[in-house]
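Data block below; observations after.
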Amino acid sequence: MAGGVTQDAILSVEQKPDGASSALSTLMLRLYELSAMALVVAAGVLTYGVVMGHLSGRATLWQDEVTIFLIAGATFISAAQVQAWRGHVGIEVLAEILPSRLNALRYKIIDFLVLGFCIFFAWKSGLLLQEAWEEGQTSHSAWGPPMWIPYGLLTFGMALLALQVAMQVAARSKAALVLAVLCACALLFWHRPPSALLTGYSLPVVGGAYSIVTLVMMFSGMPIAFALGVTALTFMFLFMPLASVDTIAQNFYEELANTIILAIPLFILKGAAIGRSDAGRDLYLALHAWLHRIPGGLGVANTAACGLFAAMAGSSPATCSAIGSAGIPEMRARGYSPGFAAGIIAAGGTLGILLPPSVTMLLYAVAAEVSLGRLFLAGLFPGLLLITLFAGYSVLRFQKEKRIAEADAMRTGVRSAILAKDEYTFGQKVRMLTWVAPFVIILAGVMVVLYAGWATPSETAGVGAILALCVIGVMYGVWRPGKLMPILNGTLRESTMLLMIIGMSLLYSYVMSYLQISQGTAAWIISLGLSKWVLLLAILVLVVVLGFFLPPVSIILMTAPIILPPLKAAGFDLIWFGVVMTVVMEMGLIHPPVGLNIFVIKNIAPDIPLSQIIWGTLPFVILMMLAVLLICIFPAIATWLPAALMG
């Protein structure tokens, strides 16, 4: 898809499997499946810890570290298979601009840089493993497991990834393969001086170079995770001492070895379990049965279903897919215009990053060092505000389309399906609710457990995932391996892509902080003396522009060290800003060129022209802008609930 997020450029040519590559592919696939099952084991460990903690009154000492080892290990080992499946996304804007020869050269440069980075990273991971083994390193927890376990998983996974990339590069150019290997080896065995290679450059020069290299790498078509990693490694090598370069693998692991960050795959698992069952369809049908008497009830039902499903799943693409697969055909069959049907589902899906449990808010809480519980609560009323605005627009749009249909019926005698009326008995409505109730109970239960202080966010993610798997197993028969494994595989694929971006983003931010780029930029912004609202407007415009090209995960982790200190100095509540920023990033999910939800809808309804989908989403972008304005004028929309419940 030109001009948006696409799969990594280095995989644009398929490799022909020979004996060695076929054996490697089989090995990676089996390891991937084991890694997918490790996510369920991790969720089970957390659930066990919660249950035993309440029964015995004592914490399970090994719970968190076993969970970290399982999820981090699954991520590392599955990275190679995700690479083989083209799962690491990048920004592709040059493919249709450059001539074929320049594109071929661009791909070779990307091949060279990515392979060199993977070899270097795998080697440093191996040295980290060797050091942990020889020194008998253990973790600093009360349980104290040996650190060669996670470092061994990291080394094995990165070595597999480097091997997979090498095979893909070889399929395009043997010369690029040889050159990348030689250059990586030269860097690894070069006895460079212990001090930084380049010194004496001013902060603006280093910061400007860092920004330019980042943009070049991002827009080259290189996968986002590798683009951030290559940029960080380049500046570590040039501007930081040798000792810092040697810790690249350790920094990467330590940034990821966070129970809150590693709860992300479990939230995704819960969403995938619900999303890949028929729960979305049942939720939509139940709400339609109860709301059909409202003008535009079908659109209102879709909006409400998206809100509830987003709160259960915590994922925008999952919400779009689950509700849209039932809602869009139903709306079109009832006479609604295709653009409106697509637009309301795409917009409703964005609620997945605002309503708790939200992966985006989880990352913001980590980056801003604010309470995740407060942030989740702060997103509730703004989420309800957006649902109300979307539903109100649905009613108005329905009335407009109904008037047009009535005029056409008077003129031609042909009645549109939008003029038909549905009737449901009370018994039918109640029966439909019984299919939805278990999922609503899961949602309510997880929120109660979290806010009652009975479990941490990572524990609630594990409990929610186990409950969701149990419910779909009982209600929809999704317990056989043939039905369960696609859910686990899809979860791991998305989780690995996200966690690789997160890990490299945190490494990127570490380098930016070490070189004083983030601190210097933040100080410069403060020195401008902008009024607080001008500062806020400038930052939100920056977020909107970044949303044209980057997913919310990258925006948060790359910009937080720069934009949060000035906002805090200006007197803004960072919890409140987290909500505002999330709503602004929601816009990026439904406007081009990235517009992830737009392309999810296009996959669900391929016969709807892309232009109609985009025009259908524009009114909702305007409504989101209105919501941001209201939250700015009335900040209590976001701040009252966490203050009332948590003090």
Side-chain angles (χ1 to χ4, degrees), residues 108-135 137 147-148 151 154-159 161-163 165-166 169 175-217 220 222 225-256 500 503-520:
K108 288 180 180 178
I109 294 173
I110 292 173
D111 291 347
F112 167 77
L113 291 174
V114 171
L115 179 56
F117 172 78
C118 289
I119 293 173
F120 189 91
F121 197 91
W123 183 267
K124 292 299 181 183
S125 300
L127 294 179
L128 181 64
L129 169 62
Q130 180 184 9
E131 181 181 327
W133 178 270
E134 291 176 350
E135 296 179 3
Q137 295 177 4
M147 291 305 295
W148 62 260
Y151 293 162
L154 174 63
T155 301
F156 182 62
M158 294 303 103
L161 176 60
L163 186 57
V165 173
V169 171
L177 171 65
V178 173
L179 183 61
V181 171
L182 290 177
C183 288
C185 291
L187 289 178
L188 289 169
F189 295 106
W190 175 36
H191 294 289
R192 56 158 282 183
S195 60
L197 296 179
L198 299 179
T199 58
Y201 290 91
S202 66
L203 182 59
V205 170
V206 177
Y210 201 64
S211 301
I212 292 170
V213 172
T214 301
L215 291 174
V216 170
M217 292 298 170
S220 70
M222 188 182 297
F226 296 132
L228 295 172
V230 168
T231 302
L233 177 59
T234 300
F235 279 77
M236 289 178 80
F237 206 86
L238 294 176
F239 294 97
M240 295 170 64
L242 179 61
S244 298
V245 179
D246 289 339
T247 63
I248 182 173
Q250 184 175 5
N251 284 333
F252 175 78
Y253 174 77
E254 289 179 352
E255 295 287 6
L256 274 184
M500 287 295 289
M504 293 303 173
S505 295
L506 293 170
L507 180 65
Y508 176 91
S509 297
Y510 161 75
V511 174
M512 190 163 56
S513 176
Y514 186 96
L515 297 176
Q516 297 293 308
I517 296 172
S518 54
Q519 299 92 320

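Below, all heavy atoms of this structure are taken into account, side chains as well, without hydrogens, waters or symmetry copies.
The structure places OG1 of Thr247 at 8.5 Å from CD of Glu254, a figure rounded to the nearest 0.5 Å. Here the CG-CZ distance, from Leu115 to Phe226, works out to 10.0 Å after rounding to the nearest 0.5 Å. Here the straight-line distance linking atom OG of Ser125 with atom CZ of Phe252 works out to 8.5 Å at 0.5 Å rounding. Taken from CG in Leu129 to CD in Gln250, the straight-line distance is 12.5 Å, to the nearest 0.5 Å. Thr155 OG1 to Gln130 CD: the interatomic distance, rounded to the nearest 0.5 Å, is 10.0 Å. Here the straight-line distance linking atom CG of Asn251 with atom CG of Asp246 works out to 11.0 Å at 0.5 Å rounding.
Summarising the geometry of Val165 relative to Cys118, their closest heavy-atom pair is CG2-SG, 4.1 Å, with the distance given to 0.1 Å. Leu228 approaches Ser505 most closely through the heavy-atom pair CD1-OG, 3.1 Å. Annotation for Asp111 and Val169: closest pair CB-CG2, 3.7 Å, computed over non-hydrogen atoms. Closest of all the heavy-atom pairs between Gln137 and Glu131 is NE2-OE2, 3.4 Å. The heavy-atom pair separating Val511 from Met236 by the smallest distance is CG2-CG, 3.4 Å.
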Under 3.5 Å, side-chain donor or acceptor atoms of residues 179-199 against the rest of the protein: list the pairs with distances, not counting sequence neighbours.
{"residue": "Arg192", "atom": "NH1", "partner": "Phe237", "partner atom": "O", "Å": "2.8"}
{"residue": "Arg192", "atom": "NH2", "partner": "Ser195", "partner atom": "O", "Å": "2.7"}
{"residue": "Arg192", "atom": "NH2", "partner": "Met240", "partner atom": "O", "Å": "3.3"}

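Residues Phe120 and Val245 have side chains in contact (heavy-atom distance under 4.5 Å, counting atoms from C-beta outward). Residues Met222 and Phe117 are not in side-chain contact: their nearest non-hydrogen atoms beyond the backbone lie 4.5 Å or more apart.
Residue Phe121 forms a side-chain contact (heavy atoms from CB on, under 4.5 Å) with just one option from Leu154, Leu161, Leu233, and that option is Leu154.
Applying the side chain to side chain donor-acceptor pair (under 3.5 Å) test to Tyr151 and every residue at least two apart in sequence or in another chain returns nothing. Evaluation of the ring pair (Phe, Tyr, Trp, His ring centres under 6.0 Å) rule for Phe235 yields Tyr210, Phe239 as partners, not counting sequence neighbours.
For Ser220 (side chain) and Met217 (main-chain N/O), a donor-acceptor pair under 3.5 Å exists by modelled atom type. In this structure, Ser513 contributes its side chain and Tyr510 its backbone to no donor-acceptor pair below 3.5 Å.
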